[in-house]
Structure formats: structure tokens, C-alpha cells
Student: 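This is the structure I have questions about; it appears just below.
Residue numbering restarts at 1 for every chain, and letters A, B, ... go by the order of the sequence lines.
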Amino acid sequence: MARFLITSALPYINGIKHLGNLVGSQLPADLHARYMRARGHEVMFICATDEHGTPAELAAARTGEPVADYCARMHAVQEGLARGFGLSFDHFGRSSSPQNAALTQHLAARLGAAGLIEQVAEEQVYSPADGRFLPDRYITGTCPACGYENARGDQCENCTKQLDPTDLINPRSAISGATNLEVRETRHLFLRQSALRERLDAWIDRQSGWPVLTTSIAKKWLHDGDGLQDRGITRDLDWGIPAQFDGAPWNGMEGKVFYVWFDAPIEYIAATAEWAEAHGLPDADWRRWWRTDEGADDVRYIQFMGKDNVPFHTLGFPATLMGSGEPWKLVDYIKSFNYLNYDGGQFSTSQGRGVFMDQALELLPGDYWRWWLLSHAPESGDSEFTWESFQAGVNKDLADVLGNFVSRVTKFCRTRFGETVPEGAAPDPRAQELTAALQAGLTRYEAAMDAIAIRRAAAELRALWVLGNEYLQDAAPWSTIKSDPDTAAMQIRMGLNLIRLYAVLSQPFLPDAAKRLMDALDCNDWSWPEDIAAALATLPPGHAFTVPDTLFAKITDDQRADWAARFAGTRS
RNA sequence: GGGCCUGUAGCUCAAUUGGUCAGAGCAGAGCGCUCAUAACGCUUUGGUUGGGGGUUCGAGUCCCUCCGGGCCUACCA
């Protein structure tokens with residue numbers, strides 16, 4: 001038994017996430033966490049909301065709430081949606097927690113003491129009307145290159161030219177529209193990532209088997225141009241972790257907070273501390289996951305994230321931990337994902353394009369989405385959600401192959417033997433053949449799951465379901481019962497035990513359906529099969545069960561057309 | 001501009017270090033079965049692996065080039 005620390009990239013507090021966000025981090029992380037637990041490993045699965053930064057402040061301002069209230073409310077909303085999708089976090093924390101503030105300040109102080117933080121004076125655009133400094137993208141104006149009137153300060157969306165806010169003609173605040181902008185000098189803390197470049201580079205080189213997507217992005221940032229650049233880790237904002245605090249090795253940072261990309265990854269650790277507090281456990285209980293000098297030496301730490309998050313997890317966060325000079329646990333494997341597109345374009349939070357988590361759950365339970373999303377996870381390239389594909393995947397895989405198998409076995413048994421596992425003969429050669437095929441398939445499934453090859457794992461799981469239908473077709477208990485009731489009974493006994501086996505094996509993908517199957521079978525033995533023959537004898541003759549309700553309902557053509565039309569436009 | 005990824009049957013995707021790897025699922029066609037959510041099983045039609053050139057005994061798999069798609073490029077997070 002090993003110990004697995006699993007973190008999912010933190011969803012930003014600003015609004016409800018769409019299915020692309022879900023499949024890019026939280027969902028695959030959950031799959032892995034559930035699988036590892038099922039295999040008997042000790043797992044700590046951590047996620048949290050990322051709550052600081054300008055967008056949170058602006059979103060709160062729009063609803064008229066104090067930002068802290070807004071974040072608390074949205075955290076609860078996201079937590080509820082996570083539950084709806086069956087996300088089995090050990091703790092779903094908040095980057096605004098006191099634990100994160102303390103740890104962020106602690107690490108910053110350590111970095112400062114190590115000479116890895118310096119103060120840099122910068123000029124930034126300030127908007128007196130808004131009472132705040134404006135990030136580049138919150139300044140709009142006319143593009144000097146193409147004349148586009150709504151160009152952003154970082155880049156013109158029309159001609160894609162990289163811009164500096166001061167390049168814009170007639171610049172104005174994207175927040176208030178104010179045009180009386182001025183350039184002010186402000187001082188910020190910079191993390192001297194460049195000083196850690198060699199260590200980071202060597203550390204990346206030491207990793208093996210990481211997705212190309214992960215290492216290529218890290219290498220690009222390490223070696224492109226002048227190499228890894230130092231990064232500002234503070235901002236002129238109110239909402240965040242104060243950059244000036246007791247024990248800080250610098251002065252003059254009053255009124256400034258740490259930048260979200262500095263404190264958000266630290267929340268992985270802090271959320272584990274939150275977990276300990278929530279369970280009334282001592283600090284040692286969370287530190288054994290994160291401090292290699294306090295027990296984390298045998299921990300395997302795996303992170304899940306979309307490709308946009310890779311630089312911060314391969315460079316920024318490791319730089320923070322390495323630079324602290326303290327023995328913090330570094331990530332062992334980074335599973336990164338491409339993007340899921342929506343019907344020919346991108347999912348877009350800002351434009352409300354695509355299906356959002358709350359909307360998805362209004363249409364269908366979480367398992368339907370989990371299956372399609374995971375079996376189409378954008379591992380090797382961007383993938384695309386279409387309603388046709390979703391309908392086909394759900395109907396064929398879940399309703400026909402798995403759901404109908406359960407239905408035909410349980411209903412046949414009820415009709416011919418009653419709702420108890422029938423006695424019957426001992427397994428015959430055909431049943432042993434099935435057992436062997438399942439054993440081989442299980443090995444392939446486990447290999448894919450161990451390797452976090454998600455689409456392949458889904459295909460292997462489905463192949464196991466198919467074996468049940470093949471066996472049933474071949475054994476044909478509806479036929480054997482006429483001449484050999486004992487054999488028919490054995491065949492159905494196999495079928496009922498197969499359902500339990502499928503519930504156990506499918507649980508990481510389909511937690512809710514698995515639970516319903518086990519409830520119908522009146523079974524609570526979730527032990528992962530070591531030996532298939534033994535696993536298929538778990539439900540003994542005479543064991544009572546009930547025929548479950550339809551496991552997965554099919555998506556009709558009318559529903560598909562209706563949903564496609566409803567989500568064609570933008571979210572209101 | 002620079003960098004990275006990608007282009008394999010109608011669709012979604014597989015093919016260890018180049019050597020029976022040209023495959024699977026869906027869709028299509030035929031047959032079978034009737035327990036079941038008109039479900040299941042078997043068989044089967046589809047590709048000169050984006051175009052062209054090169055290296056090699058041998059290349060989706062390496063190199064060059066052209067065409068197409070996507071992403072990143074550090075102050076959105």
C-alpha cells in the first residue's frame with residue numbers, strides 16, 4: 001500500500017465552470033483518486049477554489065456583494081456542483097483561508113531570507129476613477145496597428161498584435177470606461193526564478209514519462225529567449241494575502257497583496273491543513289503528506305491540470321518550494337490536458353458558450369457526463385463535444401452495453417428463479433473461459449488506469465462489459481433452462497456476480513451507478529478483484545437481490561435536438 | 001514573428017525503441033438470438049496513414065518541404 005497525494009488545478013471563484021474546465025482537471029483527478037482508493041491505497045485528494053485577484057473583485061462588484069461574501073457564496077455553489085459530479089475531494093478548500101495566508105507569508109519570508117525576492121519599481125496604469133491599478137487586459141483602446149477600437153492592453157484580438165497598454169490610442173478603463181488614466185510608479189516583489197533556473201531545469205530533466213505537453217511547455221519557458229524570467233508576485237489590490245506582515249523581510253509593501261499565481265498553488269498545501277483542522281487532527285497529520293522530513297518520503301504526488309496551468313506548476317510553484325530551502329514535497333507526475341471544444345468552437349466562460357456544470361446536472365445525472373467526458377478526455381490533442389457524440393456514447397456504452405446487461409440478467413433471474421442468486425451447477429468450461437478473458441482484460445484495464453491513460457482505460461472497461469454480453473449470448477440461459485436448469489442457474493449466478501464485478505470496476509468512472517448496482521444486489525463488498533474466479537463467487541447462492549431501476553436512460557433524438565438548440569446560443 | 005502539438009477508414013480515436021500495425025468503437029451492410037432499455041452476439045464493407053521528396057533491407061513511425069487545424073508566447077486566471 002502506497003500513499004498518493006492528488007491535486008486538481010483550482011477552479012477560479014469567478015462563476016460556474018464549464019465542462020471543458022471539468023474534464024481538464026477535477027474529473028480526471030477524481031478518477032485517479034477513486035481508482036487508487038479502490039486499489040487499497042491511502043489517498044489525499046485536494047482541491048479548492050482560487051479566490052483572489054482582480055476578476056473576483058470585479059465579479060463581486062457586479063453583484064454588489066463584499067468580495068468575501070461573494071467568494072463564500074460561490075465556493076458553496078462550486079462545492080455543490082462538485083458533489084453533483086461525484087468529485088470525491090478529501091477536502092475542497094479556499095485559497096482565502098487563514099492557513100493559506102500563513103503559509104504563503106511563511107514561504108515568501110523564507111524566499112526573501114534566501115535572497116530570492118527583490119523589489120522592483122514599475123510603471124503601471126492607474127485609474128483614479130476606478131481607484132485601482134489596471135491590469136493590461138483591463139485597459140482597452142484603439143489598436144495602433146489595425147485601428148480596431150476594442151483592442152485590449154495586452155493584445156489586439158482583431159489583428160493579434162502584442163501590445164503594451166501605452167500603445168493604445170484613446171485608452172480607457174475596461175471596467176468603468178474612464179479615460180483619465182495615468183501612469184504611476186509602483187513597487188512590487190519579484191520572485192527571482194532566474195536564479196533557480198538550473199535547479200528547475202535539472203529537476204525537469206530528472207522526470208521521466210511526463211506528457212510531452214507538460215515538459216515541452218516547461219522547457220520553452222526555461223530556455224526561450226533570455227530564459228526563465230523573474231516574476232512579479234504582488235499586486236496593488238485589496239483582496240488577497242497581505243504582502244506586508246509581521247516578520248516580512250521587506251518594507252513598503254503596505255496595501256499590496258500576493259498575486260494569485262503565487263498563493264494559489266500554495267493552497268494545495270494549505271487546503272490539506274484545512275482538512276486536518278476540519279477533522280480535528282493535529283498538524284502532523286497533514287504535514288506527513290507534504291514534508292519529506294515528516295513522513296512524506298513515500299508519497300507519490302500527482303497533479304492534474306489543463307495546459308494553460310502548466311507553467312505555474314512546472315516552474316513557479318516548484319521554484320517557491322525549492323527556494324524556501326525547506327523539504328517540501330515536489331510533484332512527481334503532472335498530467336496535463338488539452339482543451340475540450342464545444343461543437344466547432346471553444347467553450348468560453350466569458351462568452352457563456354457551451355455547457356456549464358450547473359446546466360449539465362439539470363439535464364442528466366453526473367455519471368452520464370463523467371463517462372462521456374472521461375472516455376473523450378483531451379489527452380493527445382484538443383477534443384470536441386458534440387451532442388451527437390454525447391448521445392451516441394451514452395446510449396451505446398452506458399444504456400446498451402452496461403445498463404442492458406444488468407437488466408437482462410436480473411430480469412431473467414427474477415422470472416425464472418426469483419430474486420435470489422440461484423444455486424445450480426459448478427462453473428463449466430465456458431464460464432472458465434469467461435473468467436480467463438476477464439482476468440486478461442482486468443490486467444489491461446489496470447495497466448491503463450495505473451498509467452493514467454484515461455481514454456484507453458475507458459475503452460478497456462467497456463471491453464469488460466462486452467465480455468458479459470458475449471458470455472450471455474453464448475451461454476443462452478433462456479435456452480439451457482429448458483433442458484438443463486442447473487446449468488442455466490449457474491450461468492445466471494455468473495451474470496449476477498458479473499454485475500457486482502462491474503460495479504466495483506466501474507466505480508471510478510460511474511460512482512453513482514456503481515452504488516445503485518451494489519444496493520440492488522444488497523452487497524457492500526467493494527473489494528477490488530485479485531482473482532476473478534473468486535470475485536465471481538462473491539454473491540453466494542440464496543443471496544437476495546432486487547431488480548434495479550433502469551440504470552441509464554437513453555437520450556432520445558428529440559432531447560438531443562432540444563439541447564443542441566438550447567445551448568447553441570450563449571448563456572443568459 | 002518564434003516555439004510546441006496535430007492531420008490515420010464517413011465520425012471519434014489506437015498503433016512499444018522504424019520491422020505482419022494499417023486496428024478498435026460508432027455509423028453502414030448481412031446473418032443469428034429473443035433473456036433484455038427494438039437491446040445483445042457473429043460476420044462484413046470502408047484507408048496507397050494531408051500532398052510531394054529523401055534516409056533505410058524496411059517508415060503513420062526518422063529528415064526536408066508544402067498545405068490544413070490547434071495551443072503557448074510570461075499583467076485574465
Student: With nearest nucleotides of RNA chain B determined for A/V466 and A/R455 from heavy-atom distances, which residue corresponds to the more 5′ nucleotide?
Tutor: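 Upstream on the strand: A/R455.
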
Student: For A/D474, report the nucleic acid contact type (base, sugar-phosphate, nothing); a contact means any heavy atom under 4.0 Å.
Tutor: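 Counting heavy atoms under 4.0 Å across all strands, no contact is made by A/D474.
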
Student: Should the pair A/R132-A/D236 be classified as a salt bridge under the 4.0 Å nitrogen-to-oxygen rule?
Tutor: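 So A/R132 does not pair with A/D236 through a salt bridge.
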
Student: Side chain of A/E122, base of B/C75: donor and acceptor closer than 3.5 Å?
Tutor: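 Under the 3.5 Å cut-off, the side chain and the base do form a donor-acceptor pair.
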
Student: Using whole Å, what does the distance between atom C1' of nucleotide B/C5 and atom CG of A/N338 come to?
Tutor: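 Answer to the nearest Å: 7 Å.
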
Student: How far, in whole Å, is B/G19 from B/G3 if one measures between their P atoms?
Tutor: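 Their P atoms lie roughly 29 Å apart.
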
Student: Using a cut-off of 4.0 Å on non-hydrogen atoms, how would the nucleic acid contact of A/S389 be classed: base, sugar-phosphate, or nothing?
Tutor: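 Contact class for A/S389: none.
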
Student: What form does the base of B/G47 take, syn (within 90° of 0) or anti?
Tutor: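 You should classify B/G47 as anti.
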
Student: Between the side chains of A/E379 and A/K335, is the shortest nitrogen-to-carboxylate-oxygen separation below 4.0 Å, so that they form an ion pair?
Tutor: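 A/E379 and A/K335: salt-bridged.
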
Student: Could you tell me how far B/G30 sits from B/A36 if I compare only their C1' atoms? Round to whole Å.
Tutor: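 To the nearest whole Å, 23 Å.
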
Student: Please name the nucleotide paired to B/G1 by Watson-Crick or G-U wobble geometry with both distances under 3.5 Å, or report none.
Tutor: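 Pairing partner: B/U73.
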
Student: So, is the end of the A/K554 side chain (NZ or CZ) under 6.0 Å from the ring centre of A/F552 and within 45° of the ring's axis?
Tutor: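 Pair A/K554/A/F552 does not count as cation-pi.
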
Student: Flag as yes if A/W478 stacks onto the base of B/C35 (centroids under 5.5 Å, planes under 30°), otherwise no.
Tutor: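 The ring of A/W478 is stacked on B/C35.
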
Student: Give one of base, sugar-phosphate or nothing for A/G227, where a contact means two heavy atoms less than 4.0 Å apart.
Tutor: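 Result for A/G227 = base.
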
Student: On a plain distance test, is the side chain of A/E470 in donor-acceptor contact with the base of B/C40 below 3.5 Å?
Tutor: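 Counting by modelled atom types and ignoring angles, no donor-acceptor contact under 3.5 Å is found here.
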
Student: Can you tell me the distance, in whole Å, between the CZ atom of A/R462 and the P atom of B/C40?
Tutor: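 Those two atoms, CZ and P, are 9 Å apart.
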
Student: Among B/G32, B/A77, B/A36, which nucleotide has an atom closest to any side-chain atom of A/R408?
Tutor: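 Shortest atom-to-atom distance from the side chain points to B/A36.
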
Student: Strictly below 4.0 Å: does A/Y259 bring a side-chain N or O up to OP1 or OP2 of B/C76?
Tutor: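 Result: no.
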
Student: Does B/C40 pair with anything, Watson-Crick or G-U wobble, both distances under 3.5 Å, and if so, with which nucleotide?
Tutor: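 Pair assignment: B/C40 / B/G32.
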
Student: Name the closest nucleotide to the A/N404 side chain, picking from B/A14, B/A74, B/C40.
Tutor: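 The listed nucleotide nearest to A/N404's side chain is B/C40.
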
Student: Just N and O in the side chain of A/K307: are any of them under 4.0 Å from OP1 or OP2 of B/G70?
Tutor: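 For B/G70, neither OP1 nor OP2 has a side-chain N or O of A/K307 closer than 4.0 Å.
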
Student: Separation of A/M74 atom CE from B/A77 atom C1', in whole Å?
Tutor: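 So the two atoms are 15 Å apart, to the nearest Å.
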
Student: Across all strands, who's sitting opposite B/G18 as a Watson-Crick or G-U wobble pair, both distances under 3.5 Å?
Tutor: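 The answer is none; no pair meets the criterion.
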
Student: When the P atoms of B/U16 and B/U6 are considered, how many whole Å apart are they?
Tutor: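 It comes out at 13 Å once rounded to the nearest Å.
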
Student: State, yes or no, whether a side-chain contact exists between A/Y342 and A/E384 at a heavy-atom distance under 4.5 Å.
Tutor: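 A/Y342 vs A/E384: side chains apart.
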
Student: Measure from the side-chain heavy atoms of A/Y138 and tell me the nearest of B/C76, B/A74, B/C40.
Tutor: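 Among B/C76, B/A74, B/C40, the one nearest the side chain of A/Y138 is B/C76.
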
Student: In whole Å, what separates the P atom of B/C72 from that of B/G60?
Tutor: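 About 33 Å, rounded to a whole number of Å.
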
Student: Contact class for A/P477 vs. all strands (heavy atom < 4.0 Å): base, sugar-phosphate, or nothing?
Tutor: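 It contacts nothing in the nucleic acid.
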
Student: At 4.0 Å (heavy atoms only), tell me whether A/L551 reaches a base, stays on the sugar-phosphate, or touches nothing.
Tutor: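 Base, at least one base heavy atom under 4.0 Å.
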
Student: What's the closest nucleotide to the A/D400 side chain, out of B/A77, B/C40, B/G41?
Tutor: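 Closest nucleotide to the A/D400 side chain: B/C40.
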
Student: Is the closest basic N to carboxylate O distance between A/E182 and A/R184 below 4.0 Å?
Tutor: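 Result for this pair is yes, salt bridge flagged.
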
Student: Heavy atoms from C-beta onward define the side chain here; which of B/C35, B/U37, B/C75 lies closest to that of A/A399?
Tutor: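 Closest nucleotide to the A/A399 side chain: B/U37.
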
Student: Measure from NZ on A/K554 to C1' on B/A38 and round the result to the nearest Å.
Tutor: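 The distance from NZ of A/K554 to C1' of B/A38 comes to 8 Å, rounded to the nearest Å.
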
Student: Using the C1' atom as the reference point in each nucleotide, state the distance between B/C63 and B/U12 in Å, no decimals.
Tutor: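 Result for the C1' pair: 31 Å, nearest Å.
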
Student: Which nucleotide wins on minimum distance to the side chain of A/Y12, given the candidates B/A77, B/A74, B/C76?
Tutor: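 Side chain of A/Y12 sits closest to B/A77.
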
Student: Does A/D201 pair with A/R197 as a salt bridge, N-O distance under 4.0 Å?
Tutor: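 Looking at A/R197 together with A/D201, the answer is no, because their closest N to O distance does not fall below 4.0 Å.
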
Student: Of the listed nucleotides (B/A77, B/U37, B/C75), which one gets closest to any side-chain atom of A/F552?
Tutor: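 Given the options B/A77, B/U37, B/C75, the side chain of A/F552 is closest to B/U37.
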
Student: May I ask you to verify if any side-chain N or O of A/Y471 is less than 4.0 angstrom from the OP1 or OP2 atom of B/G41?
Tutor: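 Checking A/Y471 against B/G41: no side-chain N or O falls below 4.0 Å of OP1 or OP2.
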
Student: Under 4.0 angstrom, heavy atoms only, what part of the nucleic acid is A/E388 near: base, sugar-phosphate, or nothing?
Tutor: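 Since no nucleic acid heavy atom lies under 4.0 Å of A/E388, the category is nothing.
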
Student: Hey, does A/T415 reach any base, or is it just sugar-phosphate, or nothing, if we go heavy atoms under 4.0 Å?
Tutor: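 No contact at all - A/T415 keeps every heavy atom at 4.0 Å or more from the nucleic acid.
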
Student: Over how many whole Å does the gap from A/E460 atom CD to B/C13 atom C1' extend?
Tutor: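 Going from CD in A/E460 over to C1' in B/C13 covers 14 Å.
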
Student: Can a salt bridge be assigned to the pair A/D549 and A/R516 using a cut-off of 4.0 Å between side-chain N and carboxylate O?
Tutor: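 No, no charged N to carboxylate O under 4.0 Å.
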
Student: The side chain of A/W261 is closest to which nucleotide in this list: B/C26, B/A74, B/A77?
Tutor: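 Taking heavy atoms from C-beta onward, the closest nucleotide is B/A77.
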
Student: What is the distance, to the nearest angstrom, from the NZ atom on A/K396 to the P atom on B/C13?
Tutor: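 These atoms are roughly 20 Å apart.
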
Student: Quick check on RNA chain B: between A/D397 and A/R235, whose nearest nucleotide comes earlier from the 5' end?
Tutor: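 The 5'-side residue here is A/D397.
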
Student: When you get a sec, tell me which of B/C75, B/C40, B/A77 is the closest nucleotide to the side chain of A/R231?
Tutor: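 Of B/C75, B/C40, B/A77, B/C75 is nearest to the side chain of A/R231.
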
Student: Which atom pair, heavy atoms only, marks the closest approach of A/T54 to A/P135?
Tutor: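 Reported closest heavy-atom pair: OG1-CG, 3.8 Å.
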
Student: Report the glycosidic orientation of B/G46: syn if within 90° of 0, anti in every other case.
Tutor: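 Syn.
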
Student: Measure from NZ or CZ of A/K307 to the centre of the six-membered ring of A/Y339 and say whether it is under 6.0 Å with the direction within 45° of the ring axis.
Tutor: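 Relative to the ring axis of A/Y339, which defines the angle, A/K307 lies inside both limits.
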
Student: Rounded to whole Å, how long is the line connecting atom NZ of A/K411 with atom P of B/U34?
Tutor: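 It works out to 19 Å between those atoms.
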
Student: Sticking with atom C1', work out how far B/C21 lies from B/U48, rounded to a whole angstrom.
Tutor: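 Result for the C1' pair: 16 Å, nearest Å.
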
Student: Starting at atom CD1 of A/I233, determine the distance to atom P of B/A74, rounded to an integer number of angstrom.
Tutor: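 After rounding, the reported distance stands at 19 Å.
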
Student: With both distances kept under 3.5 Å, what pairs with B/A24, Watson-Crick or G-U wobble?
Tutor: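 B/A24 is paired with B/U12.
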
Student: For B/U17 and B/C62, measure between their P atoms and round to the nearest Å.
Tutor: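 Nearest-Å result for B/U17 against B/C62 at atom P: 10 Å.
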
Student: Between B/G51 and B/C67, how many Å separate the two C1' atoms, rounded to a whole number?
Tutor: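 Going atom to atom, C1' in each nucleotide, I get 7 Å.
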
